[in-house]
Amino acid sequence: QVQLVESGGGLVQAGGSLKLSCAASGRTFASYAMGWFRQAPGKEREFVAAINWSGISTYYADSVKGRFTISRDNAKNTVYLQMNSLKPEDTAVYYCAAGPQARFPTVQTMSGPTRYSYWGQGTQVTVSS
């Protein structure tokens with residue numbers, strides 16, 4: 001079992017930055033791929049970014065590429081999402097997710113939410129214009 005707790009959300013002006021954290025419990029964190037997803041009001045949950053177990057491979061949605069950076073610290077059981085140049089359309093609840101690395105044979109598969117086993121409760125990010 002893995003429990004995930006997100007933090008770092010808040011209200012920021014357009015063009016600003018936020019850094020989200022996702023702390024994971026359990027001894028097997030380093031064996032999981034980690035992803036960030038978001039859901040805006042009235043919209044479906046969408047993929048944002050993902051990182052493989054070692055941190056070497058990352059994958060981003062086109063909408064955040066060049067603005068967001070995902071990273072992880074396996075010693076701290078934590079994954080991060082640095083968000084820069086935020087836009088009002090980035091407003092959403094952000095969720096982190098964990099899935100066994102074996103479920104992700106390619107980086108592209110890390111965008112599929114059904115491959116993830118564990119989800120956090122989410123943290124709200126609001127970007128004002």
Side-chain angles (χ1 to χ4, degrees):
Q1 288 288 335
V2 176
Q3 291 186 324
L4 304 173
V5 179
E6 303 96 336
S7 62
L11 173 64
V12 64
Q13 288 188 333
S17 298
L18 281 175
K19 186 173 184 177
L20 305 184
S21 299
C22 174
S25 65
R27 301 178 181 178
T28 58
F29 175 77
S31 67
Y32 284 84
M34 300 296 296
W36 285 97
F37 292 78
R38 67 187 181 187
Q39 187 166 19
K43 295 187 178 181
E44 294 186 353
R45 190 171 298 191
E46 66 173 358
F47 169 73
V48 176
I51 189 166
N52 78 328
W53 70 275
S54 67
I56 291 177
S57 297
T58 58
Y59 189 56
Y60 296 92
D62 288 343
S63 59
V64 306
K65 203 172 296 183
R67 299 188 298 123
F68 291 10
T69 302
I70 189 171
S71 61
R72 67 188 296 161
D73 185 337
N74 287 345
K76 295 182 178 180
N77 280 15
T78 302
V79 63
Y80 305 97
L81 185 68
Q82 177 67 47
M83 306 185 295
N84 299 328
S85 302
L86 283 161
K87 305 175 181 180
E89 51 263 44
D90 294 318
T91 295
V93 177
Y94 283 70
Y95 300 89
C96 71
Q101 184 62 59
R103 292 186 184 175
F104 305 93
T106 66
V107 290
Q108 289 82 3
T109 58
M110 292 195 287
S111 66
T114 59
R115 295 178 183 265
Y116 291 86
S117 303
Y118 305 101
W119 292 82
Q121 292 300 306
T123 185
Q124 176 71 48
V125 171
T126 303
V127 184
S128 64
S129 57

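These numbers were taken from a predicted model, which means no experiment stands behind them.
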Open item on the list: Would a single hydrophobic cluster contain both V48 and I70, if residues Ile, Leu, Val, Met, Phe, Trp and Tyr are joined by side-chain heavy-atom contacts under 4.5 Å?
Closed with: yes
Open item on the list: Are W119 and V79 linked, directly or through intermediate hydrophobic residues, by side-chain heavy-atom contacts shorter than 4.5 Å (ILVMFWY only)?
Closed with: no
- [ ] Could you tell me the separation between the CE atom of M34 and the CG atom of L81, rounded to the nearest 0.5 Å?
- [x] 11.5 Å
Task: Full working for side-chain contact (heavy atoms from CB on, under 4.5 Å) between N52 and V107 - done: CA-CA 8 Å; N52 78 328; V107 290; over 6 Å; no
- [ ] Flag yes if more than 12 heavy atoms outside Q13 fall under 6.0 Å of its CD atom; otherwise flag no.
- [x] no
Open item on the list: Whether D62 and K65 form a salt bridge (side-chain N of Lys/Arg under 4.0 Å from carboxylate O of Asp/Glu) is what I want to check.
Closed with: yes
- [ ] Check whether NZ of the Lys or CZ of the Arg R72 lies under 6.0 Å from the centre of the six-membered ring of F29 and within 45 degrees of that ring's axis.
- [x] yes
Task: Shortest non-hydrogen contact from Y60 toward T69 - done: OH-CA, 3.4 Å
Open item on the list: For residues Y118 and Y116: do they belong to one hydrophobic cluster (side chain heavy atoms under 4.5 Å, members Ile, Leu, Val, Met, Phe, Trp, Tyr)?
Closed with: no
Task: Within-4.5 Å side-chain heavy-atom neighbours: Y32 and P100 - done: yes
Task: Common cluster, F47/Y80, ILVMFWY with side-chain heavy-atom separation under 4.5 Å - done: no
TODO: Give a yes or no answer on whether the side chain of S25 reaches the backbone of Q3 with a donor-acceptor pair at less than 3.5 Å.
DONE: yes
Task: From S111 atom OG to E46 atom CD, the distance as rounded to the nearest 0.5 Å - done: 11.5 Å
Task: Closest contact, heavy atoms only, P88 versus A14 - done: CD-CB, 4.1 Å
TODO: Starting at CZ of F37, measure out to CZ of R45 and round the result to the nearest 0.5 Å.
DONE: 8.5 Å
Task: Donor-acceptor contact below 3.5 Å, side chain T91 vs main chain V127 - done: yes
- [ ] Mind checking the CG-OG spacing from N74 to S31? Nearest 0.5 Å is all I need.
- [x] 9.0 Å
Open item on the list: Please say yes or no: joined through hydrophobic side-chain contacts below 4.5 Å, possibly via intermediate residues, are V12 and L20 part of one cluster?
Closed with: yes
Task: R38, Q39, E6, Q124 screened by side-chain hydrogen bond (donor to acceptor under 3.5 Å, both in side chains) with Y94, the one that passes - done: R38
- [ ] Side-chain contact test, heavy atoms from C-beta onward, threshold under 4.5 Å: evaluate it for M83 versus D90 and give yes or no.
- [x] no
Open item on the list: Please determine whether ring-ring contact (aromatic ring centres under 6.0 Å, His included) holds for the pair W36 and F68, giving the CA-CA distance in whole Å, both sets of side-chain angles, and the decisive distance to 0.1 Å.
Closed with: CA-CA 11 Å; W36 285 97; F68 291 10; 9.9 Å; no
Open item on the list: Distance check, rounded to the nearest 0.5 Å: S57 atom OG versus Q101 atom CD?
Closed with: 8.0 Å
Task: Expected output: side-chain R103 to main-chain T109 donor-acceptor under 3.5 Å - done: no
Open item on the list: For L11 versus S128, what's the shortest heavy-atom pair and its separation?
Closed with: CD1-CB, 4.4 Å
Task: Side chain N77, main chain G26, donor-acceptor under 3.5 Å - done: yes
TODO: Using the side-chain contact (heavy atoms from CB on, under 4.5 Å) rule, take L4 and Y95 through it: C-alpha gap first, then chi angles, then the decisive distance, then the call.
DONE: CA-CA 9 Å; L4 304 173; Y95 300 89; over 6 Å; no
TODO: Give, for atom CZ of R67 and atom OG of S17, the distance between the pair rounded to the nearest 0.5 Å.
DONE: 10.5 Å
